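Keep in mind the model is a prediction, meaning the values are calculated, not measured. Naming: A, B, ... by sequence-line order, numbering from 1 per chain.
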There are 2 protein chains.
Amino acid sequence: MARITMADVAKAAGVSKSTVSQFLNQRYEYMSEETRKKIELEVKRLGYQPNFVARSLKQKRTAMVGVIMANIMHRFSTEVSRAIEDYCNINNVHVILCNADDNPHKEKKYIDMLLLRQVDGLIVFPTGENVETYQKLVDERYPVIFMDRKVTAVDIPAIMVNNKASTYQVIEHFIANQHKRIAILTEPLTISTRKSRLEGYRESMTAHGLTNYQDLIISAPIDSLLAHLEQIFQAEQPPTALLAGNDLVFLEVLKFVKTEQLKIGVDFSLAVFDNLPFADLLDPAITTIAQPSYQMGQQAAKLLLKRINNKNEKITDSIHECELIIRGSSNRYWA
Amino acid sequence: MARITMADVAKAAGVSKSTVSQFLNQRYEYMSEETRKKIELEVKRLGYQPNFVARSLKQKRTAMVGVIMANIMHRFSTEVSRAIEDYCNINNVHVILCNADDNPHKEKKYIDMLLLRQVDGLIVFPTGENVETYQKLVDERYPVIFMDRKVTAVDIPAIMVNNKASTYQVIEHFIANQHKRIAILTEPLTISTRKSRLEGYRESMTAHGLTNYQDLIISAPIDSLLAHLEQIFQAEQPPTALLAGNDLVFLEVLKFVKTEQLKIGVDFSLAVFDNLPFADLLDPAITTIAQPSYQMGQQAAKLLLKRINNKNEKITDSIHECELIIRGSSNRYWA
DNA sequence: TTGTAGGCGTTATCAA
DNA sequence: TTGATAACGCCTACAA
């Protein structure tokens, strides 16, 4: 392992460590051509590799950022993380990826650990449950960006999508197709994203005179969704359209469909708020609200690195537009 | 951040840095109850946090491992990485996750970077194209484990599945259902995994007297698979069964099916060598060869950490069994 | 039982 | 133009 140090190079080249350091940091300005050559040669010959840890200690900068993702099994998180990683690596910043499983304890543990490791900044899909910890970051002027979710209690910029408007739009799409019993299916309302989506749902329903939707809102942990679906579809007036809150919820809908031998697009219309790589390939194809995950990740990384390099950089919330892609699962006129 | 140092604690407690260090490393043996208490108090009061970077520099150990995954868009990689992360984090080791996109240049760059960062060990899904770099790791006795793929040119232990036997088995399953024209569809044969699967295919076909399979082997980059499928299905004797080499290949098959308006399980039988979270939920359900990704990741992490803690630990290749799960896409008798 | 001193490999400051 | 020298924060002999 990198056991050749600057001192070795210095000795071999017959100069001092400082000079080698100058050389390595491309400060040739006041360096004779001769010494430059000498050092260059020895660096190559000895196969010198700088020691990042030592440099980090001195510079108080690690060229690493931490990403705490919501759930690695969630496609959106994966896509965003990948974008972050791509951007960072181009800029020679390494990413430590942590999977919090939407668990506040894990989240806190990871934030603390990453700080101890002196990562230069953090991108977090916040659970929202660690306000104290978030606030500490703000107080220390630590570079942090929230992804996908806003935590209003704390002044940290967030990169999100227009959850409310997009949901409003897809509900309107259902209504335009004459649906009246439209259900929304989501994981518990612990994060802003889900709340906003529900809000969009409510507003859209209300705006179109469909105020009787209380029993059509299902918000429950993933593993109980199936039971809720069974129940709601046994009601006197079962829903005719369904909005699945994300890809994991969608899988539950698939299970339900399978168990009950129903046909999507025939027995009820369906839209999914998320990116599904195979949305277009199923039969019927699935209507989705696609989130620009890659752009969001890139933007987060870009802003974070900027902020790291300039503590005064002011970052504000950023809202990305989703795209409603209507496909076979919801294109039937329901009259 | 963490600007309280051991020196601060020492001063506040009226002891020396060494004593504080002793305390922090739980070496209370020769410490008076009194000083212990004093230090404990000050650590709490000042909110002291150890500096990992400084510790790493001194100890030449970072408590970080690097993972170079093949392709973050590939479900199997994701599942394995998650398992590695889970195991490592329980053991207070952090994971730097890098996505090589099956690109040898990226792979090499990442390996080099991770070494500069002095990660304690590496788990790599090797492209197989950087033998020189791999060999360097071996020469330095650097802890490395290969995942999913073997590189025969170099003596690094690999954790794999029984690719050949599993493929043999699924082909036999097709044959048992009276298929004679069985095609295999895989990405280019650059890695051992794919080669072994093809080998299993060949042996199984041959063993059952189906020697005329040359035109039934499609091995091509993802984005050209569709064209190959079109072609092979236009042949005089199109295949009646298809083995898709992984989940990404499967998506291409779905595209093909969609374009051609075919029905899986009716127009041809299908099996997929990989984990599909929704295999059971499609119509028909998809026959898969499931890989124990989580166990593989856990094992890799476990072995790596063991090896890191004991340079003499000898690790050997490890082969995991897959499970052939027969579902609707291939359960039809083809006579 | 506790403290002193030196070093891990860099970088930064200042003097030469 | 280059070189001493002192940090960075921690750990570890060894000394007291």
Side-chain angles (χ1 to χ4, degrees), chain A residues 1-43 46-64 92 113 115-120, chain B residues 1-43 46-64 92 113 115-120:
Chain A
M1 227 98 346
R3 52 172 61 75
I4 306 290
T5 76
M6 259 182 41
D8 299 321
V9 177
K11 203 190 298 175
V15 298
S16 80
K17 284 194 296 175
S18 331
T19 311
V20 177
S21 179
Q22 298 284 342
F23 169 83
L24 292 170
N25 293 302
Q26 326 243 11
R27 311 201 145 285
Y28 308 126
E29 305 145 34
Y30 307 109
M31 196 177 301
S32 74
E33 183 65 12
E34 195 188 0
T35 41
R36 208 178 64 76
K37 282 264 167 68
K38 248 189 334 198
I39 297 174
E40 192 167 13
L41 181 76
E42 291 303 332
V43 164
L46 298 171
Y48 168 78
Q49 309 267 168
N51 179 327
F52 266 59
V53 177
R55 174 183 293 175
S56 298
L57 175 61
K58 184 66 189 177
Q59 295 192 152
K60 293 162 165 308
R61 240 171 156 282
T62 52
M64 297 197 297
N92 291 311
M113 279 298 282
L115 292 187
L116 291 191
R117 287 221 180 271
Q118 327 254 112
V119 296
D120 295 336
Chain B
M1 226 86 355
R3 50 173 62 74
I4 305 291
T5 76
M6 257 180 44
D8 299 321
V9 177
K11 203 190 299 173
V15 298
S16 81
K17 285 196 292 173
S18 340
T19 312
V20 177
S21 179
Q22 299 283 344
F23 170 81
L24 294 170
N25 293 304
Q26 328 243 9
R27 309 201 148 283
Y28 309 126
E29 305 143 36
Y30 307 109
M31 196 177 301
S32 73
E33 184 64 13
E34 195 189 0
T35 41
R36 208 177 65 76
K37 281 267 167 69
K38 247 188 336 197
I39 297 176
E40 192 166 13
L41 182 76
E42 291 303 330
V43 164
L46 297 171
Y48 168 78
Q49 310 266 173
N51 179 327
F52 266 59
V53 177
R55 176 185 293 176
S56 298
L57 176 60
K58 180 68 190 180
Q59 297 189 154
K60 293 164 165 305
R61 237 169 159 284
T62 53
M64 297 197 297
N92 292 310
M113 278 298 282
L115 292 186
L116 291 190
R117 287 220 181 270
Q118 327 254 111
V119 296
D120 296 335

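In this structure, A:Ser56 reaches neither bases nor backbone, as no heavy-atom distance under 4.0 Å exists between it and the strands shown. Using a 4.0 Å heavy-atom distance criterion, B:Lys60 is classed as a sugar-phosphate-only contact. Residue B:Tyr48 is classed as a sugar-phosphate contact, given heavy-atom separations below 4.0 Å to backbone atoms only. Residue A:Val53 is out of contact with every strand shown, counting any heavy-atom pair closer than 4.0 Å.
Surrounding CD of A:Glu33 are more than 12 heavy atoms belonging to other residues, nucleotides or ligands, all under 6.0 Å away.
At least one side-chain nitrogen or oxygen of A:Asn25 sits closer than 4.0 Å to the OP1 or OP2 atom of C:dT11. Remark: B:Arg55 is in phosphate contact with D:dC11, judged by side-chain N or O atoms under 4.0 Å from OP1 or OP2. At the phosphate of D:dG3, OP1 or OP2 sits under 4.0 Å from a side-chain N or O atom of A:Ser16. An OP1 or OP2 oxygen of D:dT1 is reached within less than 4.0 angstrom by no side-chain nitrogen or oxygen of A:Thr19. At the phosphate of D:dT12, neither OP1 nor OP2 sits under 4.0 Å from any side-chain N or O atom of B:Ser18.
Judged by distance alone with a 3.5 Å cut-off, no donor-acceptor contact links the side chain of A:Ser21 to the base of C:dA12. Not a single donor-acceptor contact under 3.5 angstrom links the side-chain atoms of A:Thr5 to the base of C:dT10. No hydrogens or angles were tested; on distance alone, nothing pairs the side chain of B:Lys58 with the base of D:dT12 as donor and acceptor under 3.5 Å.
With hydrogens and angles left out, the side-chain atoms of A:Thr19 and A:Ser16 include a donor and acceptor closer than 3.5 Å.
In this structure, CZ of B:Arg117 is placed 18 Å from P of C:dG9, rounded to the nearest angstrom. In this structure, the CD atom of A:Glu34 is 8 Å from the P atom of D:dT2, given to the nearest Å. At whole-Å resolution of the value, CD in B:Gln22 and C1' in D:dA13 are 11 Å apart. As rounded to whole Å, 12 Å separates atom P of C:dG3 from atom CE of B:Met6. Atom pair B:Leu24:CG and D:dC10:C1' shows a separation of 10 Å (rounding to whole Å applied). In this entry the distance linking CG of B:Leu57 with P of C:dG9 reads 7 Å, nearest Å. Here C:dT10 presents its P atom at 14 Å from CZ of A:Phe23, a figure rounded to the nearest Å. Taking atom NZ of B:Lys37 as the reference point, atom P of C:dT2 lies 14 Å away to the nearest angstrom.
Looking at the side chain of A:Ser32, the nearest of the listed nucleotides D:dT1, D:dG9, C:dG3 is D:dT1.
A:Met64 CE to A:Asn92 CG: the interatomic distance, rounded to the nearest 0.5 Å, is 14.0 Å.
Under a 4.0 Å N-O distance rule, the pair B:Glu40/B:Lys37 does not qualify as a salt bridge.
Nearest-nucleotide positions on DNA chain C place B:Gly14 closer to the 5' end than the other of A:Lys17 and B:Gly14.
Looking at heavy atoms from C-beta onward, B:Leu24 lies in side-chain contact with B:Met6 at the 4.5 angstrom threshold. Contact annotation: the side chain of A:Gln22 never approaches that of A:Ile39 to less than 4.5 Å [non-hydrogen atoms, C-beta and beyond].
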